[in-house]
There are 2 protein chains.
Amino acid sequence: MGRKRLQEPDGRPTVHTVAARAGVSIASASRVLNGVGGSPETVRKVRAAAAEVGYVPNAIARSLQSQRTELVALAVEDIGNPVYVAMMRAIEAVVAESGRQLLVHATGGRIDNETALLRRLAHRYVDGMIISPIRVTAEHLTALADSPVPVVVIGQLAEDAPMDNVRTDSRLGIALAVDHLVATGRRRIGFVNGPLDTVPGAARDAGFRAALARHGIPLDENLVEVGDFQYAAGREATERLLARAEPDALVCANDLIAVGALHTLLALGRRVPTDVALVGMDDTELARMMFPQLSSVSLGSAERGRKAAELLLQRIDDPALPPRRAQVAPSLVVRASSGTPVPAQPIREEVTS
Amino acid sequence: MGRKRLQEPDGRPTVHTVAARAGVSIASASRVLNGVGGSPETVRKVRAAAAEVGYVPNAIARSLQSQRTELVALAVEDIGNPVYVAMMRAIEAVVAESGRQLLVHATGGRIDNETALLRRLAHRYVDGMIISPIRVTAEHLTALADSPVPVVVIGQLAEDAPMDNVRTDSRLGIALAVDHLVATGRRRIGFVNGPLDTVPGAARDAGFRAALARHGIPLDENLVEVGDFQYAAGREATERLLARAEPDALVCANDLIAVGALHTLLALGRRVPTDVALVGMDDTELARMMFPQLSSVSLGSAERGRKAAELLLQRIDDPALPPRRAQVAPSLVVRASSGTPVPAQPIREEVTS
DNA sequence: CCGGTAGCTGTAAACGTTTCCGGGAGTCTG
DNA sequence: CAGACTCCCGGAAACGTTTACAGCTACCGG
């Protein structure tokens with residue numbers, strides 16, 4: 001049962017209602033309600049009137065006047081991927097702390113969705129956006145350049161793109177994983193990647209090949225599989241890979257893939273890490289949930305989210321700022337899935353000279 | 001006729017810009033841009049002018065006039081819980097299909113957060129809200145009743161609460177799990193629950209006790225543990241439980257808890273389902289990711305989200321609608337973690353009359 | 001005693017849309 | 001051919017704020 005409204009049989013109270021009830025002008029009412037100016041007597045009357053009618057300022061009208069929405073958008077591929085959950089949490093913390101709210105879009109990685117979203121920014125329903133595209137096309141770049149509100153991109157961008165950008169080095173991240181596996185005696189190292197036409201997919205592929213080469217390990221293409229960045233794809237890709245090769249370690253391009261790989265490995269009777277060591281990427285909470293717990297390369301998703309949010313808020317406050325870039329270094333978190341139990345041969349550094 | 005601002009040196013083009021450029025009034029320009037009315041000639045001129053200056057209508061001004069935001073909010077406890085991800089995806093689909101966007105809030109299950117959120121609705125920054133509180137207090141109810149915009153609640157509410165409501169029967173859901181375990185020969189059935197002062201926690205507790213009683217199985221309190229609804233709590237609660245009892249099956253109040261329980265079981269050398277059968281709840285994608293895959297009681301999270309979104313959109317369109325309620329029936333999804341390998345005794349139906 | 005100043009106040013003009021309303025022109029009907 | 005009817009158009013009024021500006025009072029110093 002709603003308690004009855006004291007005023008305004010049809011609509012909700014506005015500043016006019018309050019002003020009339022307090023016997024002052026709307027200007028005075030507005031000033032008092034915003035805490036700027038007003039004589040003690042006016043303040044008292046307006047406050048009382050506002051409380052009596054239960055006045056709450058209308059956010060839209062305020063936005064129209066202030067040209068600010070106090071909303072910030074985040075566009076990611078897949079809100080089900082825990083890496084984006086971590087990012088989202090970090091961003092939300094920063095954004096909320098500034099009194100704003102976060103609007104989340106799931107793009108499904110579809111380019112048309114992403115560019116449509118960027119174009120919609122022209123409607124100015126939001127003060128800024130953080131976007132983490134897995135593919136970057138020319139359309140993206142023009143849409144980004146045309147945007148009337150600030151946009152921060154999480155992910156690799158052309159070197160000279162004059163926009164705020166937060167990045168990591170997933171190529172180096174893959175190298176960390178490979179180095180670790182080599183150091184623990186693995187030599188037949190497989191790789192389950194996401195699509196090669198995505199920015200992270202391409203970077204991780206390059207990183208894998210470079211790392212193997214650096215260790216002088218010839219690449220066996222049978223040990224490389226590609227799916228998308230989802231769990232099911234990881235599972236199936238690993239099935240295909242195991243059908244034609246027998247790796248002693250698997251590097252996966254993200255944790256969802258790694259979880260799928262783990263499932264296939266266990267289902268096919270491989271022991272992890274005894275038979276096959278497993279390393280994922282993104283270091284999501286999922287990695288800690290598995291049994292055995294998954295080693296994973298952290299790309300600092302929370303940190304990247306936090307930095308992106310800070311860059312965005314600063315730019316909103318001062319659009320004249322020069323474009324800035326933040327970088328987060330990858331790091332390897334070793335857990336049971338690639339633990340050190342299997343130095344089948346004495347560990348030796350391949351290249352020591 | 002003093003044309004005020006034909007050019008826009010600093011700002012973006014408005015309908016005034018377009019109207020001036022096309023040589024018509026802003027009324028005509030607006031009509032053409034909205035596709036209502038206008039002579040062919042006017043339409044041509046306005047369209048051309050709009051294209052030339054790259055006009056995009058301002059969402060805020062439009063909202064002020066229309067009293068609509070085209071935004072819908074969703075408030076859930078934890079965006080990391082895959083059950084809410086599923087719900088969110090379903091809601092997002094319905095909401096997007098109606099041309100609106102979804103604003104997601106994470107409440108952390110904190111009552112003050114939730115009521116603050118509900119009160120903020122008075123600012124009307126959003127056309128409506130879907131909220132899924134795990135506790136329901138008197139504050140919630142007054143805040144809900146006072147809300148100037150429609151709110152749909154997912155979860156149990158007082159029977160006579162006159163508001164749109166989508167619910168399931170998790171009590172019955174637990175019963176399905178227990179029935180299944182009993183039917184496959186388990187008798188020492190443990191239960192890892194969430195907090196008893198939450199609505200789902202209380203319902204699931206009651207359901208568990210009632211189901212055991214119905215089967216004539218005396219309840220051993222050593223087989224019941226409580227944590228919160230998170231993974232870590234499930235892991236720890238299961239450790240405590242196994243330290244003092246030896247169940248042959250575990251029912252968990254949600255999938256996160258079940259995943260934690262699985263981790264502990266495997267870490268302590270129990271075979272699943274041979275030694276201990278495991279059933280989770282919510283049937284999230286997490287359940288399928290585990291090895292062995294988890295049986296889980298589906299509470300139709302996607303379905304509930306979809307229905308809630310539909311109820312909300314309908315109410316936004318017609319606020320005079322009577323309060324409605326939708327119910328989604330639970331169902332058990334049996335997978336490997338509670339497979340049928342152990343009918344120690346012949347299966348029998350307890351009550352057949 | 002008077003001019004200046006500080007502090008309040010109200011009027012009105014923004015912000016950018018949509019829409020009501022009245023008027024004008026053209027077309028159809030009786 | 002007059003009246004009615006249909007379109008189309010532009011002016012102006014909303015929607016609910018904030019704020020620039022000017023006027024008013026009261027007080028102070030000279």
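Order of the sequence lines sets the chain letters (A, B, ...), proteins ahead of strands, with each chain counted from 1.
- Distance from the side chain of A:Val24 is smallest for C:dG10 among the nucleotides C:dC15, C:dC8, C:dG10.
- Atom CD of A:Gln65 is separated from atom P of D:dA20 by 9 Å (rounded to the nearest Å).
- Taking atom CD1 of residue A:Ile60 and atom P of nucleotide D:dT18, one finds them 14 Å apart after rounding to whole Å.
- Of the side-chain N and O atoms in B:Gln67, one or more sit less than 4.0 angstrom from OP1 or OP2 of D:dG16.
- Of the listed nucleotides (D:dG16, C:dC21, C:dA12), C:dC21 has the atom at the smallest distance from the side chain of B:Arg31.
- Positionally, the nearest nucleotide of DNA chain C for A:Glu41 lies more toward the 5' end than for the other of A:Glu41 and A:Leu64.
- Remark: A:Ser28 is in phosphate contact with C:dG10, judged by side-chain N or O atoms under 4.0 Å from OP1 or OP2.
- For the OP1/OP2 pair of D:dT18 and a distance below 4.0 Å, the side-chain nitrogens and oxygens of A:Arg62 include at least one atom meeting the criterion.
- Comment: B:Glu92 does not engage B:Arg306 in a salt bridge, judged by the lack of any side-chain N to carboxylate O separation of less than 4.0 angstrom.
- Distance check, rounded to the nearest 0.5 Å: OG1 of A:Thr107 to CG of A:Leu117 gives 8.0 Å.
- Per the geometry, CG belonging to B:Asn58 stands 8 Å off C1' belonging to C:dC15, to the nearest Å.
- Taking side-chain N and O atoms only, B:Asn34 has a distance below 4.0 Å to OP1 or OP2 of C:dT18.
- An OP1 or OP2 oxygen of C:dT17 is reached within less than 4.0 angstrom by a side-chain nitrogen or oxygen of B:Tyr55.
- Under 4.0 angstrom from either OP1 or OP2 of D:dT18 there lies at least one side-chain N or O belonging to A:Ser30.
- In this model, a donor atom of one side chain and an acceptor atom of the other lie less than 3.5 Å apart for B:Arg324 and B:Gln314.
- A:Arg68 CZ to B:Ile60 CD1: the interatomic distance, rounded to the nearest 0.5 Å, is 11.0 Å.
- Side-chain proximity of A:Ala27 to D:dA20, D:dG10, D:dT17: nearest is D:dA20.
- Residue A:Thr14 has no polar side-chain atom (N or O) positioned under 4.0 Å from OP1 or OP2 of D:dG16.
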